[in-house]
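Position 1 is the first residue of the sequence; numbering continues from there.
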Amino acid sequence: MPVFGPISRTDLIRALKQLGFDGPFTGGKHEFLVRGQLRLTLPNPHQKEIGKALLARILKQASISREDWEKL
């Protein structure tokens with residue numbers, strides 16, 4: 001589904017839910033998703049799209065490879 005590139009926050013959340021994350025939950029300054037013991041902080045929706053560099057950091061924190069991401 002998602003190409004490795006700029007993505008909307010809504011599409012990011014939808015894709016991460018397909019990968020087994022629950023949420024988003026509110027907490028502190030940012031919302032977060034949870035999968036097992038992993039808590040993944042989401043960027044605030046102030047900008048229209050999440051850029052490629054930020055997407056790469058989010059996927060790295062979530063232990064999701066680029067190949068797994070593009071298989072969705």
For this session: Check whether any side-chain heavy atom of Leu16 lies under 4.5 Å from a side-chain heavy atom of Ile64, and answer yes or no.
Result: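 The answer is yes; the side chains approach within 4.5 Å.
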
For this session: Report yes if some heavy atom in the side chain of Phe21 is under 4.5 Å from a heavy atom in the side chain of Ile13; otherwise report no.
Result: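 Side-chain contact under 4.5 Å: no.
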
Problem set entry | Set of residues satisfying ring-ring contact (aromatic ring centres under 6.0 Å, His included) with respect to Phe25, sequence neighbours excluded |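 Listed in chain order: Phe32.
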
Restricting to non-hydrogen atoms, name the atom on [X] and the atom on [Y] that form the minimum distance, rounded to 0.1 Å.
| X | Y | value |
| --- | --- | --- |
| Pro24 | Lys17 | CD-CE, 4.2 Å |
| Ile58 | Leu40 | O-CD1, 3.8 Å |
| Leu55 | Gly5 | CD2-O, 3.4 Å |
| Glu49 | Pro6 | OE1-CB, 3.3 Å |
| Leu38 | Ala62 | CD2-CA, 3.7 Å |

Exercise. Phe4, Leu12: one ILVMFWY side-chain cluster at the under-4.5 Å cut-off?
Worked result: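 Cluster IDs for Phe4 and Leu12 match.
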
For this session: With sequence neighbours excluded, tell me which residues meet salt bridge (Lys or Arg N to Asp or Glu O under 4.0 Å) with Arg66.
Result: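 Glu70.
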
Problem set entry | Residues forming a salt bridge (Lys or Arg N to Asp or Glu O under 4.0 Å) with Arg9, sequence neighbours excluded |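 Scan of Arg9 (salt bridge (Lys or Arg N to Asp or Glu O under 4.0 Å), adjacent residues dropped) gives Glu31.
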
Exercise. Hey, what do you get for CG (Leu42) to CD1 (Ile50), rounding to the nearest 0.5 Å?
Worked result: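 Rounded to the nearest 0.5 Å, the CG-CD1 separation comes out at 7.5 Å.
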
Exercise. Hey, what do you get for CZ (Arg39) to CG (Leu33), rounding to the nearest 0.5 Å?
Worked result: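 CG of Leu33 is found 10.5 Å from CZ of Arg39.
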
Exercise. Quick one: does Lys48's side chain have a donor or acceptor within less than 3.5 Å of a partner on Ser8's backbone?
Worked result: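 Such a contact is absent between Lys48 side chain and Ser8 backbone.
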
